[in-house]
Protein chains: 2
Amino acid sequence: MTSGSSKGLEGTATPVGFAHHDHGTCVADGLAAAETRCEKKNLRFTPVRRKVLEILLQEHRALGAYTILDRLRDEGFGSQPPVAYRALDFLVAHGLAHKIERLNAFIACAHPGENHAPAFMICRLCDSVAEAHSVVAKGALGTAARAIGFRIERTVVEAEGVCPNCAEKAPEKVSV
Amino acid sequence: MTSGSSKGLEGTATPVGFAHHDHGTCVADGLAAAETRCEKKNLRFTPVRRKVLEILLQEHRALGAYTILDRLRDEGFGSQPPVAYRALDFLVAHGLAHKIERLNAFIACAHPGENHAPAFMICRLCDSVAEAHSVVAKGALGTAARAIGFRIERTVVEAEGVCPNCAEKAPEKVSV
DNA sequence: ATGAGGAATGTAACGTTATACAATCACATG
DNA sequence: CATGTGATTGTATAACGTTACATTCCTCAT
C-alpha cells in the first residue's frame with residue numbers, strides 16, 4: 001500500500017516499494033487485511049505467522065529465512081529453521097507473501113487479496129523490491145507455451161536493476 | 001539445437017527441449033560452437049569448463065551444481081564445490097549456460113551466440129526444461145519499469161507447469 | 001465435560017547450495 | 001632472470017533448506 005487512504009493507484013501497474021509512504025499504517029493495514037482474509041477462509045492466523053508477516057511488512061525488501069528466524073528468536077519464538085519456514089510456507093501458500101527466487105528470500109505481498117501472478121523489480125544497489133503484476137499468459141512466453149502445448153501453472157518473473165532512487169543518488173553506478 | 005542440420009526453426013519462438021532430435025550432434029555442435037565463441041572472444045575454454053558444458057549438453061534438464069560435481073569427480077577433475085561453481089559461473093557469464101533460479105540448477109544454453117534474455121518452461125513431471133526468449137522490455141513489467149524509472153539490467157522469467165509429452169502420458173495429473 | 005484426531009509448534013540433526021579467502025600458477029614485461 | 005599482474009586452484013566455512021520426531025493446542029463429536 002502506498003498509504004492508508006486510497007490514492008487511486010491500486011489496480012494500475014504502479015508498483016509499491018520505491019515510493020515514500022506512511023509506513024506505520026502500511027504495516028498495520030497489511031496485518032489487518034491478512035487477519036480478515038484468514039478469518040474468511042477459516043485459516044489460523046497464529047502468533048508466529050502474524051509475527052513473520054509483521055517482520056516482512058516492516059521492510060520493502062526481501063528477507064532471508066534466517067534473518068526472519070533471528071528476529072523470531074528475539075521475540076521469544078522458537079529458533080529452529082522449521083519455525084520460520086513453516087510460517088513462510090503458510091504465508092506464501094495463501095498469497096500473503098512471495099518468495100523471490102533470485103534472492104532466496106521472502107517479501108510481504110503488496111497486493112493481498114488480489115488473485116495474481118506477481119512480478120518483481122529488485123534494486124541491486126539498495127536491495128529494495130517492488131511488486132507489479134505480470135501477465136505472462138499474454139506475453140511472448142505465453143505464446144510460445146500455447147504453440148507447443150505447455151501448460152503454465154505458475155510463473156517466476158523477476159527483473160534485476162537499479163531503482164529510480166538509487167539511479168539518482170549514484171548515477172555512475174547505473175550502467176552495467 | 002533441434003538437430004545438426006537447420007530445420008528452419010531457429011529464430012522462432014519454438015523452444016528446444018520437448019522435441020525429439022539427434023542428441024549426439026546436439027552435444028557435439030554445442031561444444032564446437034562454444035569453442036569457436038571462446039576463441040573469438042579470447043576466453044580460455046579450459047578442460048573443466050568444457051567438461052561441464054558437455055555434461056549440461058547431454059541433458060535437456062537443469063542439473064544441480066553438486067550433480068555436476070559428482071560427474072566431474074568421476075572424470076578425474078577436482079571434487080570441491082568451487083570447481084563446479086567456477087566453471088558454471090564462467091559458462092553463465094558468457095552466455096553458454098543459464099541458471100534456473102527456481103530449481104537452483106543449471107542448463108546449457110539452447111541459443112548460444114544470440115544476445116538474449118532467456119525464458120524457461122519447466123515441466124514439474126519430467127523435469128525437462130525448454131528455453132524460449134522473453135521480451136520483458138515489451139511486456140507489462142517493462143511498461144511498469146519505464147513508468148517509474150526502474151532500469152532493468154537482467155531478467156528471470158520461468159514458467160512451471162506440464163510439458164506436452166507429460167500432458168499426453170498422464171492427463172490426470174495435468175490439472176493443479 | 002471429555003477424549004479422539006488433526007493441525008501447529010518446538011527441537012535436534014542433517015543435507016544442499018554457495019562464497020570467502022588464502023595459496024599457487026602462468027605469462028608478459030623490464 | 002626477476003617480478004608484477006591476473007587467472008586459477010585449494011581449503012574452509014557460511015547460507016539456505018529439509019527431515020524426523022516429540023509435544024502442545026484446537027476442535028468437534030460424543
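Letters go in sequence order (proteins before strands), and every chain restarts at 1.
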Does the distance from a Lys or Arg side-chain N to an Asp or Glu carboxylate O, for A:Arg102 and B:Glu101, drop under 4.0 Å? yes
Using modelled atom types only, decide if a donor and an acceptor are shared between the side chain of B:Thr36 and the backbone of B:Ala32 within a distance under 3.5 Å. yes
Residues B:Glu158 and A:Arg154 bridged, charged N to O under 4.0 Å: no
Would you call A:Arg44-A:Glu35 a salt bridge at under 4.0 Å N-O? no
To the nearest 0.5 Å, what is the distance between CD1 on A:Ile100 and CD1 on A:Ile107? 5.5 Å
With a 4.0 Å heavy-atom cut-off, tell me which residues in residues 80-91 of chain A come close to DNA chain D, sorted by residue number. A:Pro81, A:Pro82, A:Tyr85
Positions of residues 62-79 of chain B (non-hydrogen atom under 4.0 Å from DNA chain D), listed by number: none
Any donor-acceptor N or O pair under 3.5 Å, side chains B:His98, B:Glu131: yes
Phosphate-side-chain proximity, B:Arg44 and D:dT8, N/O vs OP1/OP2 below 4.0 Å: yes
Numerically ordered, the residues 48-56 of chain A set in heavy-atom contact under 4.0 Å with DNA chain D is none
Please say whether the positively charged group of B:Arg50, taken as NZ for Lys or CZ for Arg, lies over the ring of B:Phe45, i.e. under 6.0 angstrom from the six-membered ring centre and within 45 degrees of the axis. no
Atom CD of A:Glu101 and atom P of C:dT17: how far apart are they, to the nearest Å? 14 Å
Could you state the CG-C1' distance from A:Asn42 to C:dG6, rounded to the nearest angstrom? 15 Å
Mind checking the CD1-CZ spacing from A:Ile122 to A:Arg61? Nearest 0.5 Å is all I need. 13.0 Å
So, is A:Lys99 close to the D:dC16 phosphate, meaning a side-chain N or O under 4.0 Å from OP1 or OP2? no
Is the backbone N or O of A:His94 less than 3.5 Å from a side-chain atom of A:Arg37, with the two atoms forming a donor-acceptor pair by type? yes
Roughly how many Å is it from CZ in B:Arg102 to P in C:dT17, rounded to a whole number? 14 Å
Going through the checks in order, is the salt bridge (Lys or Arg N to Asp or Glu O under 4.0 Å) test met by A:Glu59 and A:Arg71? CA-CA 13 Å; A:Glu59 320 263 342; A:Arg71 302 206 189 167; 3.1 Å; yes
Should B:Arg73 and B:Asp70 be marked as a salt bridge (Lys or Arg N to Asp or Glu O under 4.0 Å) after you check the CA-CA gap, both sets of side-chain angles, and the distance that decides it? CA-CA 5 Å; B:Arg73 180 177 19 241; B:Asp70 287 345; 2.7 Å; yes
Under 4.0 Å: is that the gap between some side-chain N or O of B:Asn104 and OP1 or OP2 of C:dT16? no
